[in-house]
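Side chains included, hydrogens not; waters and symmetry mates left out as well; all remaining heavy atoms used.
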Amino acid sequence: MSRDSRRREWIRLRLAGGVLLALFPLLAARAVQLTLIEQRGVEMGSAQTGTVVTLAPARGGIFDRNGAELAVAMPAPSVYAVPREVADPAAAARALAPVLGRDAARLEARLSQDSPFVFLARWAGEERAQAVRQLALPGVGVVQEPGRSYPLGSLAGRLLGFANVDGVGVRGIEQAEDAWLRGAAQRVALERDARGRLLADAGVDPRSAAGGDVALTLDATLQADVEHALEETLRETGARGGLALVMDPRSGDLLALAEAPAVNPGNFRRTAYGETRSPAFLDAFEPGSVLKPLVVAAALERGVLGERELIDCEQGAWEIPGKRLQDMKPNGLLDAAGILRVSSNVGVAKIALRLSPGEHNAALRAFGLGRATGSGFPDESAGLLRAAARWQPLDQATIAFGQGVNVTALQLAAAGGVFANGGVLRTPRLLSARRRPDGDGSWRAEPAGPARRVLRPEVAGAVLQMLESVVSEDGTGLRASLEGVRVAGKTGTAQKFDRRLGRYADTRLLGWFLGIAPVEAPRMVGVVMLDEPRGRKRGGSATAAPLFAQVAEAALAREGLVAAPRFGLPQLARAGSAPPAHLARRNSGGNATGADSANGARKAAGANGATKARSAKTRSTRARAARTAQNAQPAAQRQAARGADATDAAGANSARAKAPVPVVARLGDRVLLPDLRGLTREQVQRLARGEALAVDLQGRGRVVAQHPAPGTIFRPGQARLTVQLAPGRRGG
């Protein structure tokens, strides 16, 4: 290269460098302007990538001991806004107010917030969500949040509790198991469509980050029976509320807990928080004479009372320092069994005073009074049992017949279980199994709670025999008796303390019954309580004892020991008690499909619908479920429940063949399977076509079995219904 050429190249390089050096300050100034001065540039960049919102986690499911769904996660549409994208907040608020049922001024205030994202309506419902979509308002959209659904409505509602719109359990099992049930929060990108409307990422599945599942010890079929019995009793007695509890004394498993007034956890936003509490766990009451067997047992255990020893009951009146004790009827010499049979206050007070205050107090604490049972229910009450150092003879006497001490219904059930379980106190158990969300779908059984001996077996057996005499012709618990079944129990009537008057009220009473059946091999312990029954007879013997008989009949029908509840519920198949390991692995749609799930428990939804259809508070979905259960019930049983004779029942059997195809209740994109047993092939095919169900028909004749079982919540298109038919047979 010549010298002139090199010189020209050097000049060009210097010119190019000079131009670049001249442009650099301009580019730097523009960058500073965009990043530090013009915030709009930042906002435009953010808008291009969209807004990201964090949604509440999807919760795991709650099931009964046989796999019936009690609480499930379901997508729920929520309406949101990105305020900076709303050009006219006032106009948008006016358009949204009638659709969302909200105040326009409040909506305008939210749309005007200096916030990147706001919710306008959580769990708004599909109808409202669709109306919002049709408005096509800039900056307003709909996102699918993980919602919470309770397929059986108010069934065991107070026990289950509820989870709020942020996916946090705040009552009952939902609160107790919140850490296990709660899933992982999800981040969802909000993007624009071709018209500039904000849309949530449709590819996000709220169930993909769901929490673990839990199976309760509860039997949903029995729960429906017990709730029905309690509701009927409340109507008959005029009581303002009540509860009925069934426990298996062998394991401590809580099988049923009915509490009235009922609460639907799905309506928690329209229910006062205080009304959602579970009285069986959180409220302590004076138990009245139900406490007398504990005092008798303590005296027998410590050898200060002979089983056949006679006590002078003073013809029903006895003076002690500070009070005159009285019985309802005069009695003379009675042994311990007689004192319990006629419920003598004088007799049991004399027995209690043979114990020192420390011995008396220690005995009650050994039965579990004065401390929480250890069930794991959140904020469970310990009741009230004052320290023995403060007891006077009057305290010992009145505590012996249930005044001056407060207990929960669960504590009473556990204490009654000591007599049913040979002297051993079992810790109540609420959970039977858990299932991990990231596992293989198998259930892990929960261990039973600790147990400890309270009484010698011979003492427990002796008191149990005494309690059987209470449920006899001359006992206070006669109305708790069952034909063909040996029942033991104790009535109780407690006056409620009136804080305004500063004394016990004469007319405001609690009616109690603690019962055990069958005596020879106890399968159930039941506690029932009625709050302020009305009428001429308001004591436990007249109100609570008959309710216990109905509850016990339902519980023993579950064990196959009696035919059926006598209070008119549809005949249900016996609910099995398959171990938690037999709970079926659930498919992607959330349905239990295992053959080990008993038909009786799967029909809990239908039975519960039938139970609640009489109530004005019943939801429309449950009313449809009631029609399903009624159609599924053999007509012979419906006639028998109305008192028809055998001829009428036989005629009803033939009428069943002409019955219409059962009504199928829908829950969003899912259906509640009715009982198909007894239907013809043609009827099943007609139902399947109408509901778009994929069905496999096996055999000929009438339906004798189906899988999944009746009451299963089923997703058409994701699973198949298998129906077994046989000639000349009916399902049973």
Side-chain angles (χ1 to χ4, degrees), residues 245-255 287 289-309 335-337 339-341 348 351-352 354-356 358-375 383 385 399-400 402 405 407-429 447-471 477 486-490 492 513-527 552:
L245 181 155
V246 179
M247 182 181 293
D248 186 337
R250 300 164 295 181
S251 61
D253 285 1
L254 182 68
L255 302 177
S289 296
V290 172
L291 213 62
K292 290 175 180 175
L294 278 61
V295 177
V296 171
L300 291 172
E301 181 73 14
R302 284 162 177 76
V304 298
L305 174 68
E307 187 176 341
R308 302 298 180 189
E309 180 182 353
D335 61 7
I339 289 171
L340 293 179
R341 184 172 63 251
V348 77
I351 293 174
R354 293 187 177 187
L355 300 166
S356 70
E359 289 174 330
H360 191 174
N361 185 285
L364 296 182
R365 292 189 182 276
F367 275 100
L369 276 59
R371 61 182 178 184
T373 65
S375 68
L385 181 61
I399 287 173
V405 57
V407 302
T408 67
L410 193 68
Q411 285 175 327
L412 273 184
V418 172
F419 304 120
N421 207 35
V424 174
L425 177 71
R426 289 279 183 187
T427 301
R429 188 173 74 143
R452 56 185 173 82
R453 180 161 295 283
V454 176
L455 300 173
R456 287 173 284 131
E458 57 269 25
V459 172
V463 176
L464 186 61
Q465 296 295 324
M466 295 178 189
L467 293 176
E468 185 177 8
S469 73
V470 175
V471 190
R486 296 171 60 193
V487 178
K490 185 68 190 77
F513 193 87
L514 165 66
I516 300 166
V519 171
E520 63 274 18
R523 302 292 185 87
M524 62 86 65
V525 173
V527 171

Q: Holding to salt bridge (Lys or Arg N to Asp or Glu O under 4.0 Å), I want the full list of residues that pass it with D253, two or more places apart in sequence or in another chain.
A: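 Only R65, R429 meet the salt bridge (Lys or Arg N to Asp or Glu O under 4.0 Å) criterion with D253.
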Q: With side-chain contact (heavy atoms from CB on, under 4.5 Å) as the test, would you mind laying out the steps for F513 and V471 before giving the verdict?
A: CA-CA 11 Å; F513 193 87; V471 190; 4.1 Å; yes
Q: If we ignore hydrogens and angles and just use 3.5 Å, is the side chain of E307 paired with the main-chain N or O of L300 as donor and acceptor?
A: no
Q: So, using salt bridge (Lys or Arg N to Asp or Glu O under 4.0 Å) as the criterion, who are the partners of E359 when residues are at least two apart?
A: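 Not a single residue meets the salt bridge (Lys or Arg N to Asp or Glu O under 4.0 Å) criterion with E359.
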Q: Which residues satisfy the side-chain hydrogen bond (donor to acceptor under 3.5 Å, both in side chains) test with R453, sequence neighbours excluded?
A: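 Partners of R453 under the side-chain hydrogen bond (donor to acceptor under 3.5 Å, both in side chains) test: none.
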Q: List for me each residue that meets salt bridge (Lys or Arg N to Asp or Glu O under 4.0 Å) alongside R486, sequence neighbours excluded, and say none if there are none.
A: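 Only E468, E520 meet the salt bridge (Lys or Arg N to Asp or Glu O under 4.0 Å) criterion with R486.
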Q: Which atom pairs, donor and acceptor, lie under 3.5 Å between side-chain atoms of residues 361-368 and protein residues at least two apart or in another chain?
A:
{"residue": "N361", "atom": "OD1", "partner": "R365", "partner atom": "NE", "Å": "2.8"}
{"residue": "N361", "atom": "ND2", "partner": "R386", "partner atom": "O", "Å": "2.8"}
{"residue": "R365", "atom": "NH2", "partner": "L385", "partner atom": "O", "Å": "2.8"}

Q: Taking only residues two or more places apart in sequence or in another chain, which ones pass side-chain hydrogen bond (donor to acceptor under 3.5 Å, both in side chains) with T427?
A: none
Q: Quick one: CG on L412 to OG1 on T373, what's the gap to the nearest 0.5 Å?
A: 11.5 Å
Q: Specify the closest pair of heavy atoms between G402 and P287, including all atoms of both residues, with the distance to one decimal.
A: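 Here G402 and P287 meet closest at O-CD, 3.4 Å.
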Q: Hey, what do you get for CD (Q411) to CG (L425), rounding to the nearest 0.5 Å?
A: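 Q411 atom CD to L425 atom CG measures 10.5 Å (nearest 0.5 Å).
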Q: How close do L467 and P293 get, counting heavy atoms only, and between which atoms?
A: CD2-CG, 3.6 Å
Q: So, taking the atom named CZ in R250 and the one named CG in N421, what distance separates them when rounded to the nearest 0.5 Å?
A: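 CG of N421 is found 9.5 Å from CZ of R250.
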Q: I need the minimum non-hydrogen distance between V296 and A336, along with the two atoms involved.
A: CG1-CB, 3.9 Å
Q: Just jot down the side-chain hydrogen bond (donor to acceptor under 3.5 Å, both in side chains) partners of K490, sequence neighbours excluded, or say none.
A: S343
Q: Please name all residues satisfying side chain to side chain contact (heavy atoms under 4.5 Å, CB included) with A451, sequence neighbours left out, ordered by chain then number.
A: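 Per chain and number, A451 pairs via side chain to side chain contact (heavy atoms under 4.5 Å, CB included) with V424, R426.
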Q: Atom OG of S469 and atom CD1 of I339: how far apart are they, to the nearest 0.5 Å?
A: 11.0 Å
Q: In chain order, what residues pass the side chain to side chain contact (heavy atoms under 4.5 Å, CB included) check against A517, with sequence neighbours excluded?
A: V485, V487, M524, L556
Q: Working note: L254 + D248, criterion side-chain contact (heavy atoms from CB on, under 4.5 Å); need CA distance, chi angles, decisive distance, verdict.
A: CA-CA 7 Å; L254 182 68; D248 186 337; over 6 Å; no
Q: Taking all non-hydrogen atoms of both residues into account, name the closest pair between G489 and V470 and its distance.
A: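 The answer is O-CB, 3.2 Å.
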Q: Report the residues that fulfil side chain to side chain contact (heavy atoms under 4.5 Å, CB included) with R354, sequence neighbours left out, ordered by chain and then residue number.
A: V304, L305, E309, I311
Q: To the nearest 0.5 Å, tell me how far L255 CG sits from L245 CG.
A: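 Answer for the CG-CG pair, L255 versus L245, is 9.0 Å.
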Q: With sequence neighbours left out, write down each residue that passes side chain to side chain contact (heavy atoms under 4.5 Å, CB included) with P249, or none if nothing qualifies.
A: A420, P522, V525
Q: I'd like to check the side-chain hydrogen bond (donor to acceptor under 3.5 Å, both in side chains) partners of Q465; sequence neighbours left out, ordered by chain and number.
A: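 In terms of side-chain hydrogen bond (donor to acceptor under 3.5 Å, both in side chains), with neighbours along the sequence ignored, Q465 is linked to no residue.
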Q: Can you name the closest pair of heavy atoms from A400 and A352 and give their distance?
A: CB-CB, 3.6 Å
